[in-house]
Number of protein chains: 2
Amino acid sequence: MVNSEAETPRARYRAQVRTEIKQRAWEQIASAGASALSLNAIAKQMGMSGPALYRYFGGRDELITELVRDAYRSLADTFRAAAEGGADVTALAHALRGWALRDPQRYFLIYGTPVPGYQAPDDTTAISSEIMATLLDACAALPLDGPATPFDAHLEDHRNWADGHPAPPAALHRALTFWTRLHGVLSLELAGHFTGMGIDPAQLFAAELDDLTGTPAS
Amino acid sequence: MVNSEAETPRARYRAQVRTEIKQRAWEQIASAGASALSLNAIAKQMGMSGPALYRYFGGRDELITELVRDAYRSLADTFRAAAEGGADVTALAHALRGWALRDPQRYFLIYGTPVPGYQAPDDTTAISSEIMATLLDACAALPLDGPATPFDAHLEDHRNWADGHPAPPAALHRALTFWTRLHGVLSLELAGHFTGMGIDPAQLFAAELDDLTGTPAS
DNA sequence: TAACTTCAGTGATAGCCTCTAACTATGGTG
DNA sequence: CACCATAGTTAGAGGCTATCACTGAAGTTA
């Protein structure tokens, strides 16, 4: 049992199978939603019998939890990459929309209908606040106009979620509305609520974004 | 077979059982989400064996479709009642939030994660546009400030979803942002994304509403 | 090299679920 | 009273999650 450093072939094989399982799971989720995810079907696709998967994941819930984790990680990485490329809030918003459109069900896995009993693992909240941090950075770089609102005062007293970020309350408020408004448009778009209406979701998204950044309506 | 007018006792019994089934279904959905709805469990609760329910509903999907219809109907009625009581957009917004908080899973049944294959029945779009119509009425009554945006121009050309409502494009825009922004805050609140943050969702909702109605930040 | 240990994968099984099919029983109708 | 539509039953096919005991192969150690 030398372990440490040079990973054994066993471990490598194990990791490979795990990632293949997750990949198949993502395909199933993308095509039929998370509720239709079937361990049995995945096993059959991989040419092995159902119970074999329990060597790799404790069960269906544990697999889904892992996928949720990966989804959060993916979004956080997308945001960080954009921010390191010098993205402002507008670019961040488009990065978000692109990420969501690339796999709607992945977006819904994070921000969609919650299962009443289910509790997301602790580390996802850490990733979530990492996402919030890059958003806060971008919002703090924005010129802040307008008078302070009552909600800004509320945020002054409840800024623990910002995890020590030095942004002023108005910036926190800006970040929150960014999140909620873009999620509002995006989730309705992904759910197909605009398709029957003839509206172009991209333009509505852009309009909300313009309003958010204070872009003069040209 | 006299039928017509005086409903037969058979039909009355049938209707009663149907509503009891739906009621139990709502209880299940409220406590464990729509994905956990089980015809078998409902039948067992009602003291009869599983397949008996197929006399009343074609299957699980048909039952859920009926519940979706009822949810739309309930929201439309709530809106209409508020509007007939002279509610402005602010009151309408609070009616929406109250309705959503009363049964979050019912809200998600309409506005939550969509099942990729599933298509809502035609009549729900009719109810949906009824909801939109009362929202448009309220928005048209609002004073419209601000210059016309590019998105307003887009709406000028794509106003078929307004179903002939005479409101100007700016009012249509207002109604849309009402919908998307309130949904943004509300869905994140119902999904519990604010609980770990210490933020009061009601105040965030109110802040968004103030911004929407142009209420001066006092 | 031989003995031992670890672990991937198997089939059997229990207990859910949806949904179909054939059958029984009952209550309204002519 | 005879008839028939219909509510409800059991049996069963086929799907799912999950546990268990077992096999066999691959690594490890003496």
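Protein chains get the first letters and strands the later ones, always in sequence-line order, with residue 1 at the start of each.
Phosphate contact (OP1/OP2 of dA7(D), side-chain N/O of Arg14(B), threshold under 4.0 Å): present.
In this structure, Tyr111(B) and His183(B) have tilted ring planes: the angle between them lies in the 30° to 60° band.
End-to-end axis angle for the helix from dT1(C)-dA30(D) to dG30(C)-dC1(D), using five pairs per end and rounding to 10°, comes out at 10°.
A heavy-atom distance below 4.0 Å to DNA chain C is reached by these residues of residues 45-64 of chain B, ordered by number: Pro51(B), Tyr54(B), Gly59(B), Arg60(B). Looking at residues 16-27 of chain B, you'll see that no heavy atom sits under 4.0 Å from any atom of DNA chain D.
Between the side chains of Thr65(B) and Tyr118(B), a donor-acceptor pair is found at a separation under 3.5 Å. Judged purely by distance below 3.5 Å, without hydrogens or angles, the side chains of Trp99(B) and Ser74(B) pair a donor atom with an acceptor atom.
Between the side chain of Arg106(B) and the backbone N or O of Trp26(B), no donor-acceptor pair lies under 3.5 Å. Of the possible donor and acceptor atoms, none in the side chain of Thr134(B) sits under 3.5 Å from a partner among the backbone N and O of Arg80(B). Side chain of Thr213(A) to backbone of Leu209(A): a donor-acceptor contact under 3.5 angstrom is found.
Atom CZ of Arg12(B) is separated from atom C1' of dG27(C) by 14 Å (rounded to the nearest Å). Distance Asn40(A) CG to dG15(D) P: 9 Å, rounded to the nearest Å. Per the geometry, CD1 belonging to Ile42(B) stands 15 Å off P belonging to dG8(D), to the nearest Å. Rounded to whole Å, the distance from CG on Leu39(A) to C1' on dT10(C) is 17 Å. When the C1' atom of dA26(D) is taken as reference, atom CZ of Arg10(A) falls 5 Å away, rounded to whole Å. Per the geometry, NZ belonging to Lys44(A) stands 6 Å off P belonging to dG15(D), to the nearest Å.
For the pairing with Arg181(B), the side-chain hydrogen bond (donor to acceptor under 3.5 Å, both in side chains) check across Asp211(A), Thr177(A), Thr180(A) returns one residue only, Asp211(A).
Atom CD1 in Ile127(B) sits 10.0 Å away from atom CG in Leu75(B) (nearest 0.5 Å).
Between Glu27(B) and Arg24(B) there is no salt bridge, since none of the side-chain N atoms of the basic residue sits less than 4.0 Å from a carboxylate O of the acidic one. Ionic pairing of Glu130(B) and Arg73(B) is present here: one or more N-O contacts between side-chain nitrogen and carboxylate oxygen are shorter than 4.0 angstrom.
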